[in-house]
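This report refers to the structure that appears directly beneath it.
The residues of the chain are indexed from 1 along the displayed sequence. In each ligand, atom 1 is the first atom listed, and ligand 1 is the first ligand listed. Nothing here was measured: the structure is a model prediction, and the numbers come from that model.
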Amino acid sequence: MRKPKILVVGSINMDLCMYGVEGMPVMGASSFCSGYQYAEGGKGSNQAFAVSKLGADAVMVGRVGSTDENGRKLLKSLESAGVHTEYIVRDPEHLTGMAIMSVLSGGSYYSIFANGANGYVAPEDVARALENDTYDMVLMQLEIPLETVYRTYEMAREKGIPVFLDAGPAMHIPLERLKGVDYISPNETEAEALTGIALGDERGAERATVYLYQELKPKWVVLKLGSRGVLLYDGKDFLRVPANQVEAVDTTAAGDTFSAGFVIKMCSGSSVTEAVDYAQAAAALCVTRKGGHTSIPSDSEVRAFLSEF
Ligand code: RIB
């Protein structure tokens with residue numbers, strides 16, 4: 001069977017990961033942690049890396065700084081996984097994006113993000129990739145300029161290419177120009193930011209998915225609820241898929257891995273529940289490992305994990 005070909009449009013960051021962070025510091029004080037490492041990451045780059053590791057063809061559009069070592073390291077890592085990097089702009093004027101990931105015990109994190117070259121990813125960068133090739137799906141997030149997100153959707157739609165929007169990081173954005181997007185997938189914090197609805201309980205989660213469905217009329221709203229699984233809504237039915245319970249050490253890139261796994265399976269003709277099962281297994285493996293690219297499993301690891309359940 002032909003591999004799905006996915007165009008990933010998004011951010012590329014070097015992550016400075018601080019582990020065992022005791023909590024958010026109060027103003028004027030420091031918060032301690034047990035250690036740190038640098039790791040290749042960024043939502044777009046994690047998703048492209050995951051698409052390739054999970055067995056599909058990944059082509060990436062994004063920007064890295066051409067004058068800093070981080071850009072070179074990120075390109076090398078993406079290429080080591082087989083990601084096509086020819087549409088990634090090497091920007092001589094801006095530094096590669098950087099995120100400080102403060103990872104608490106239990107794996108959740110808060111982060112500080114300097115978007116650098118990501119802030120200049122332009123619709124023309126995307127147009128080049130769309131003109132020269134054809135794709136089974138476009139996968140994008142919100143860590144690049146909003147106008148580029150909107151134009152990417154409009155250009156993909158003109159070409160009849162389905163679009164999956166991973167709605168991270170959390171922000172409130174006008175949704176009109178995204179009407180008809182095929183899939184929208186926020187996590188809880190992102191869904192609250194998009195809808196203004198508190199997701200405290202199951203009722204809140206359902207209300208947020210209905211709100212997003214009414215605003216966008218996608219095929220599916222795919223709400224990621226972390227260890228509580230996934231809630232899907234297609235305008236008629238709610239589907240709930242429980243998560244695999246694992247011991248999380250670092251949740252960085254888990255949502256990105258989920259999105260990549262889901263997109264690949266939907267492009268391969270799987271049902272939506274099969275796609276979520278596969279994507280959740282990939283994300284479960286991801287949270288047991290540290291870092292961005294370094295935590296993303298291969299397709300054979302995901303299949304082995306699924307066969308154990
Ligand atoms: O989704 C995880 C990513 O978000 C990290 O790798 C970090 O770069 C931030 O952009």
Compute the centroid of each ring, for Phe262 and then for Tyr183, and state whether the two points are separated by less than 6.0 Å. yes

Electrostatic pair [X]:[Y] at N-O distance under 4.0 angstrom:
X: Glu154; Y: Arg151; value: yes
X: Arg240; Y: Glu202; value: yes
X: Lys219; Y: Asp234; value: no
X: Glu206; Y: Arg203; value: yes
X: Glu301; Y: Arg289; value: yes
X: Lys179; Y: Glu215; value: no

Does the residue Gly292 have a heavy-atom contact with ligand 1, meaning some pair of atoms that are separated by less than 4.0 Å? no

Heavy-atom contact check, 4.0 Å cutoff: does Met14 meet ligand 1? no

Quick one: which ligand 1 atoms are inside 4.0 Å of a heavy atom on [X]?
X: Glu143; answer: 4 (O), 9 (C), 10 (O)
X: Asp256; answer: 1 (O), 2 (C)
X: Ala99; answer: 7 (C), 8 (O)
X: Asp15; answer: 5 (C), 6 (O), 7 (C), 8 (O)
X: Gly41; answer: 6 (O)

Name the closest protein heavy atom to atom 4 (O) of ligand 1, giving the residue it belongs to and the distance to 0.1 Å. Lys43 NZ, 3.3 Å

When you compare ligand 1 with [X], is there at least one nitrogen or oxygen pair between them that comes in under 3.5 angstrom?
X: Gly42; answer: yes
X: Thr252; answer: no
X: Ser11; answer: no

Are Met137 and Val276 connected, step by step, through hydrophobic side chains (Ile, Leu, Val, Met, Phe, Trp, Tyr) whose heavy atoms are closer than 4.5 Å? yes

